[in-house]
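Working notes for the structure below.
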Amino acid sequence: MAVLDILVAPHPVLKQKAKPVDKVDARIAKLMDDMVETMYAAKGIGLAAPQIGILERVIVVDVHDKDEKPNPIRLANPEIVWKSDETSVCEEGCLSVPDQYAEVTRPSSVRVRYLDETNETREIEADGMLATCIQHEIDHLNGVLFVDYLSMLKRNMILRKVQKMQRA
Ligand code: K1U
Ligand code: ZN
């Protein structure tokens with residue numbers, strides 16, 4: 001497995017739409033493993049392939065508590081097949097927008113269809129942090145960052161801070 005570099009906004013790849021994978025073969029399974037290792041190394045709870053410069057529809061998430069054992073979920077071609085009308089507000093962060101946080105409103109629960117690491121089609125129903133994280137990662141596959149939900153003023157403030165920190 002390998003720890004890969006994470007792109008930081010405003011990198012143009014982060015604004016592009018990722019392509020579906022044809023099949024979860026050995027290459028995609030290895031990509032999923034590398035993404036899990038990269039997510040853990042960066043102390044994140046999720047990661048999408050575009051964040052490491054790969055425009056394919058692959059995400060990984062793990063929202064396990066500190067006192068629980070790791071529980072990574074690997075998803076290719078994730079698709080929201082149902083979302084609740086009820087919404088929740090959650091403070092979000094992003095490994096591609098380092099050290100910046102903001103509240104985002106999203107559906108509280110979602111049902112997601114995806115291909116797992118063995119190319120099996122699966123569905124998962126998620127709520128709480130898992131639902132927020134999966135929606136955040138699927139947004140990455142569509143070139144959307146959490147700052148895109150904020151006012152232009154707040155978004156520009158955050159992106160300017162990130163660029164300043166990157167230059168320092
Ligand atoms: O996609 C990413 O950049 C990963 C991101 C996932 C995420 C965090 C919070 C809400 C939605 C999605 C992170 O892991 S940011 C770092 C982090 O561990 C964290 C930040 C805020 C709240 C909880 C965790
Ligand atoms: Zn993110």
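One-based numbering along the sequence shown. Indexing begins at 1, ligand by ligand and atom by atom, following the structure's order. This is a predicted model, so every value here is computed, not measured.
Remark: the Lys23 side chain and the Asn119 side chain contain no N/O donor-acceptor pair separated by less than 3.5 Å.
Ion pairing between Asp99 and Lys161 fails under the 4.0 Å rule for side-chain N and carboxylate O. With respect to Glu56 and Lys19, no salt bridge is recorded, no charged nitrogen being found less than 4.0 Å from a carboxylate O.
Enclosure of atom CG in Asp65 by more than 12 non-hydrogen atoms of other residues, nucleotides or ligands within 6.0 angstrom is indicated. In this structure, Lys15 places its NZ atom where more than 12 heavy-atom neighbours from other residues, nucleotides or ligands lie under 6.0 Å away.
Numbered from 1 in the order shown, with element, the atoms of ligand 1 that lie under 4.0 Å from a heavy atom of Gln51 read 1 (O), 2 (C), 3 (O). Close approach of ligand 1 to Cys94 (heavy-atom distance below 4.0 Å) involves ligand atoms 3 (O), 15 (S).
The residue among Glu91, Met129, His136, Met39 with a heavy atom at the shortest distance from atom 12 (C) of ligand 1 is His136. Residue Gly93 holds the heavy atom nearest to atom 5 (C) of ligand 1 of all those in Gly93, Gly44, Pro50, Ala102.
Of the possible donor and acceptor atoms, one in the side chain of Asp25 sits under 3.5 Å from a partner among the backbone N and O of Ile28. The main-chain N or O of Pro107 is found under 3.5 Å from a side-chain atom of Gln135 such that the two form a donor-acceptor pair. Of the possible donor and acceptor atoms, one in the side chain of Arg57 sits under 3.5 Å from a partner among the backbone N and O of Ala18. Listed for the Asp148 side chain is a donor-acceptor partner under 3.5 Å among the backbone atoms of Leu145.
Note: an N/O pair closer than 3.5 Å links Lys43 and ligand 1 by distance alone. For ligand 1, none of its N or O atoms has an N or O atom of Cys90 under 3.5 Å away. Ligand 1 has no N or O atom lying under 3.5 Å from any N or O atom of Tyr101, backbone or side chain. Where the criterion is an N or O separation shorter than 3.5 Å, residue side chain and backbone included, Leu95 meets it with respect to ligand 1.
Scanning the protein heavy atoms around atom 14 (O) of ligand 1, the nearest turns out to be Ile45 N, 2.8 Å. From the protein, the heavy atom lying nearest to atom 4 (C) of ligand 1 is Gly46 O, 3.1 Å. The protein non-hydrogen atom at the shortest distance from atom 6 (C) of ligand 1 is Glu137 OE2, 3.4 Å.
Ring geometry, Phe146 versus His136: the interplanar angle falls under 30°, so the pair is classed parallel (tilted spans 30 to 60°).
The Zn ion (ligand 2) has Cys94 SG, His136 NE2, His140 NE2 as its protein N, O or S neighbours under 2.8 Å.
One distance of note links CD1 of Ile80 with CZ of Arg113; it measures 12.5 Å at 0.5 Å rounding.
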